[in-house]
Number of protein chains: 2
Amino acid sequence: MAIYLMEKRMLNGQECDTQTWDMGNCPVRDVLDRIAGKWSTLLLEALAHKPYRFGELRRLVPDISQRMLTQTLRDLQRDGYIEREVFPTKPPSVEYRMTDLGRSLFEPLSKVLLWAGENHASVKAARVKFDESELA
Amino acid sequence: MAIYLMEKRMLNGQECDTQTWDMGNCPVRDVLDRIAGKWSTLLLEALAHKPYRFGELRRLVPDISQRMLTQTLRDLQRDGYIEREVFPTKPPSVEYRMTDLGRSLFEPLSKVLLWAGENHASVKAARVKFDESELA
DNA sequence: GGTTGTTGGTCTCAAAAAGAGACTAGCACT
DNA sequence: AGTGCTAGTCTCTTTTTGAGACCAACAACC
C-alpha cells in the first residue's frame, strides 16, 4: 500500500532523511508496478510492432488466459499506453494500438528487452552456478 | 509455463510461423519475468547506489515483508545481479552488493526508471481520463 | 543475572492474484 | 439446424504474496 519515494535519493546520490519522503507519491513505483506485470511488457512489445486485435494477441501469446489478457490490456489502456477501438463488424472486432505515450515508454523499455536477449546466457550461467553451490 | 519466443519477430519486424518458435527458450521472458517483480527493480535501484545490509534494505523499503525481501534478494542473487557476503560479526551481518552483470542491466533499466519519473503526470492524467469515461 | 535489543532469517496462516475452463450473444456460413 | 467466429465475463482452483510470530546467539544495560 505505502509507496516509497526512493528514486530521488538513488539517482542523484544525495542522502536525505528517509522519514520525510512522501510515501504516497513515488512516480517510479506508481508507474513501474503496472508495466512490471508478467504480461505487460510482452503486450507492449507486440503492439509496438503493429496494432493487433484481441484474438490475434491471444494467439500470439498462447499461454495467457483470456482473463489476464483482458485485464492487462485494460490496465495498459488506463495508463494511456494503448488505445482500444471497436469496429462495428459482425461479430464486432476490437483493435488495440499503441499511443504516443506508449511508444515513448517503449523506447527505453526496448533497451532492457535488448539487454535481456544479449545477456540471457550470462544469466543462465549464473543460475547454474548458484544452484550448484546451493546443494553443497 | 510455456515461454514464447516473440522478440525476434517483433524487434526486426519480420514475420515467421508462430508454431515453429521455441516455446521453451525465450530470453526476454526468461530474464524479464524475474526483474519484473514488484520489488526487484526497487532493490536493484537501491543496490545500484551502494551496497546495503539486509536490515538496511528492510528499513529503506518499509512496506516489503521480510519474507519477500529474502526471496527477492535470493532471486536476484541467483540470476547473478547481486552478490551476498556474510560478515562474522556478532550477530552475523550480511551485505548485498551489485555485480558487474547487475550494473550492466541497471544501465538500460535506469532509463525506464527515469522515464517513469518524467512521465508520471501523463500517466496519472490518463488514468483520471479513463476512470471518468468508465463511469459514464 | 535477567531483560531487552540486534542480527538475518524461517514458519505458518490468511488474503490477494493468477490460471483453467465453462459460458454468453449475435450473426455468418453450410 | 448445427457449427464457428467475435470479445469478452463468471466461477472455481491453484499459486503468490502479505502479516506476523518465532528463532538462536550474543551485547549492552541495570
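Letters A, B, ... mirror the listed sequences (proteins, then strands); counts begin at 1. All figures in this text were calculated on a predicted structure; none of them were measured in a lab.
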Residues, nucleotides or ligands: over 12 heavy atoms within 6.0 Å of B:E107 CD: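 Incorrect, the count does not exceed 12.
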Short side-chain N/O contact to D:dA7 OP1/OP2 from A:Y52, under 4.0 Å: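 No.
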Under 4.0 angstrom between B:W39 side-chain N/O and D:dG18 OP1 or OP2: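 True: B:W39 side-chain N/O within range (under 4.0 Å) of D:dG18 OP1/OP2.
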Would you say [X] and [Y] make side-chain contact, with heavy atoms under 4.5 Å?
X     : Y     : result
A:L60 : A:L43 : no
B:T41 : A:V28 : no
A:R97 : A:L47 : no
B:F54 : B:L73 : yes

Summary of protein contacts for nucleotides 22-30 of chain D, nucleotide by nucleotide, where a base hit scores B, a sugar-phosphate-only hit scores S (4.0 Å, heavy atoms): ----S----
Span of DNA chain C in contact with chain B (heavy atoms, under 4.0 Å):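 Counting from the 5' end, contacts occupy C:dT6 to C:dT12.
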Under the side-chain hydrogen bond (donor to acceptor under 3.5 Å, both in side chains) test, residues paired with B:R78 that sit two or more places apart: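 For B:R78 the side-chain hydrogen bond (donor to acceptor under 3.5 Å, both in side chains) partners, ignoring immediate neighbours, are A:D131.
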Residues in side-chain hydrogen bond (donor to acceptor under 3.5 Å, both in side chains) contact with B:R53, at least two apart in sequence or another chain: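 None.
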Results of salt bridge (charged side-chain N to carboxylate O under 4.0 Å, His left out) for A:E56 - residues two or more places apart only: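 Counting only residues at least two positions away or on another chain, A:E56 forms no salt bridge (charged side-chain N to carboxylate O under 4.0 Å, His left out).
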[atom1] of [X] versus [atom2] of [N]: gap in Å, rounded?
X     : N      : atom1 : atom2 : result
B:D63 : D:dA19 : CG    : P     : 8 Å
A:K38 : D:dT17 : NZ    : P     : 10 Å
B:L69 : D:dG20 : CG    : P     : 17 Å
A:I64 : D:dG8  : CD1   : C1'   : 13 Å

Polar side-chain atom of B:T70 near backbone of B:Q66 as donor-acceptor pair, under 3.5 Å: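 Present.
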Positions of residues 81-89 of chain B (non-hydrogen atom under 4.0 Å from DNA chain D), listed by number: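 DNA chain D contact set from residues 81-89 of chain B: none.
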Sugar-phosphate, base or nothing in reach of B:R67, heavy atoms under 4.0 Å: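 Here B:R67 touches the bases of the nucleic acid.
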ILVMFWY cluster, B:L69 and B:V86 together (side-chain gap under 4.5 Å):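 Yes; B:V86 is reachable from B:L69 via cluster members.
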A:L44 reachable from B:F130 in the ILVMFWY side-chain graph, under 4.5 Å edges: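 No, because B:F130 and A:L44 fall into different hydrophobic clusters, even though each may have its own neighbours under 4.5 Å.
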Of A:S65 and B:T70, the one whose closest DNA chain C nucleotide lies more 5':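 Looking at the nearest nucleotide for each, B:T70 comes out on the 5' side.
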